[in-house]
Amino acid sequence: SGLITIDPGYKNTGSTKSAITFLDGEEGILRYRGYNIEDLAENSNFLEVSYLLINGELPTTSQYKTFSHRITKHTLVHEDIKKILDGFPSVAHPMGVLSSLICSLTAFYPNSLDPNNTDEEIQLSIVRLMAKMPTFAAWAYKNKMGHPVNYPDNNLDYCGNFMKMMFALPSEKYEVDPVISRALDKLLILHADHEQNCSTSTVRIVGSSQASIYASISAGINALWGPLHGGANQSVIEMLEAIKNDGGDSKKYLEKAKDKNDPFRLMGFGHRVYKNFDPRAKIIKKAADDVLDKLGIDDAVLDIAKELETAALNDPYFVERKLYPNVDFYSGIIYRALGIPTDMFTVMFALGRLPGWVAQWKEMRENNEPIGRPRQVYVGSTERAYVPMENR
Ligand code: CMC
């Protein structure tokens, strides 16, 4: 044990070799399978990027058609899953509902528990996950609202179908707004993978015990939920709202974030790897402006966010520590403009991250990686004898 080095938070520990995502924190570069994130966000779509992450190459026309057709065909979920959903009180956070419903797939497809699934069986599980996650996400929201759920519409594309399941009401005709569906698609691309972050490492480590792919992804959703990870997008909007309701004094909150005796952090700022800028934040900031403009929305919270960013980027505390806005800083502003409620923001992140988790799980399996099992340095009591309760 003398040889064990402790590295809290694994700040300098590489857990795997990976051929999926390249990230250069100093230069602010992010590439999926060699393609720059800017290029993909501008020219590709979410299902194509998902195919790329999962299979390693961009699909041909016929590969893309087969992939998206299969996903469309599996959007329906077992009716009994509605009974599980009904058991959740309306105050349930949709992230907990989502991870539970995803985990319930182990019960509906028990074959996934067999570690010796064939490649074909694995591909089917992946298709099911991609297809059913939007249905579960929209249903989690409907349950919260106390509304009847909407069934998937297989005539729509991935994002259009999701928006319709979220927002269609029984008595009204729902038309998908192309501006909204394109904006959502872009956000999903930007979230699709980010190498060995907390949730992805969780997916790989759970999968390394040969647990079912559904159980592994469910664990990833729970890891993403925390406010230091994906949950930051919800916390950012709550913070911006609080600043707005407190008279819009962003300087005051900046001071709080700098105060080491105050647990408050500037949410949506800082990153373990990016020490120059987060390329996703750049794209999202521009997209936020575009989307609000196209939808004719004037959101005071966007102004506060920009003010806060400028103030932080000119403050020595943030400059010295290389703290920049991350992916979560502006994404919530777009989600709001699309009509998505605050407690669904992290669910949106999960929808985007799914192909990345799946690709990383698959890579872990194909590499035959050993079970994830870090070591420790023991600092507790030395040997001592049991004392009967009446003598303590
Ligand atoms: N506000 C104020 N101070 C900060 C912040 C912040 N947001 N982030 C880091 N710092 C300070 C921190 O106090 C420390 O200062 P000092 O050296 O004086 O002790 C220094 O900067 C280094 O921070 P750290 O906590 O050691 O860095 P880390 O790599 O462990 O944490 C982080 C990275 C993202 C968890 C952190 O920056 C943070 O908590 N940010 C706010 C939450 C957030 O936006 N999370 C989303 C991350 S991006 C998307 C995702 O992962 O989902």
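Each ligand, and each atom within it, is numbered from 1 in the order the structure gives. What you see below is based on every heavy atom in this structure, not just the backbone, and it leaves out hydrogens, waters and symmetry mates.
F277 carries K282 over the face of its six-membered ring, with the cationic atom under 6.0 Å from the centre and within 45° of the normal. For the pair K256 and F264, the distance from NZ or CZ to the six-membered ring centre is under 6.0 Å and the angle to the ring normal is within 45 degrees.
Around atom 33 (C) of ligand 1, the closest heavy atom drawn from K275, R280, M239, R272 belongs to R272.
For L323, no nitrogen or oxygen atom sits less than 3.5 Å from a nitrogen or oxygen atom of ligand 1, counting backbone and side chain alike.
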Original post:
Run the side chain to side chain contact (heavy atoms under 4.5 Å, CB included) check on F108 and V77 step by step: do they pass?
Top reply: CA-CA 10 Å; F108 291 92; V77 303; over 6 Å; no
**OP:** Could you check L124 against R70 for side chain to side chain contact (heavy atoms under 4.5 Å, CB included), going step by step and ending with a plain yes or no?
**Re:** CA-CA 9 Å; L124 180 58; R70 280 189 89 194; 3.7 Å; yes
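By the 4.0 Å heavy-atom criterion, H194 is excluded from the residues contacting ligand 1. The shell of residues lying under 4.0 angstrom from ligand 1, judged by heavy atoms, includes K260. Residue G9 places no heavy atom under 4.0 Å from ligand 1. The shortest separation from a heavy atom of F349 to ligand 1 is under 4.0 Å, placing the residue in contact. For the pair Y317 and ligand 1, a heavy-atom separation below 4.0 Å is found. Heavy atoms of N197 stay at 4.0 angstrom or farther from ligand 1.
Residues V206 and I20 do not share a hydrophobic cluster, clusters being chains of Ile/Leu/Val/Met/Phe/Trp/Tyr side chains in contact below 4.5 Å.
The proximity of R321 to ligand 1, defined as any non-hydrogen pair under 4.0 Å, is limited to the side chain. With a heavy-atom cut-off of 4.0 Å, L228 touches ligand 1 through backbone and side chain alike.
Remark: atom 6 (C) of ligand 1 lies closer than 4.0 Å to at least one protein heavy atom.
Aromatic rings of H194 and Y274 (six-membered ring for Trp) have centroids within the 6.0 Å cut-off, being under it.
Side-chain atoms of T21 never come within 3.5 Å of backbone atoms of Y32 as a donor-acceptor pair (strictly under, hydrogens ignored).
At the shortest separation from atom 36 (C) of ligand 1 among protein heavy atoms lies R265 NH1, 3.3 Å.
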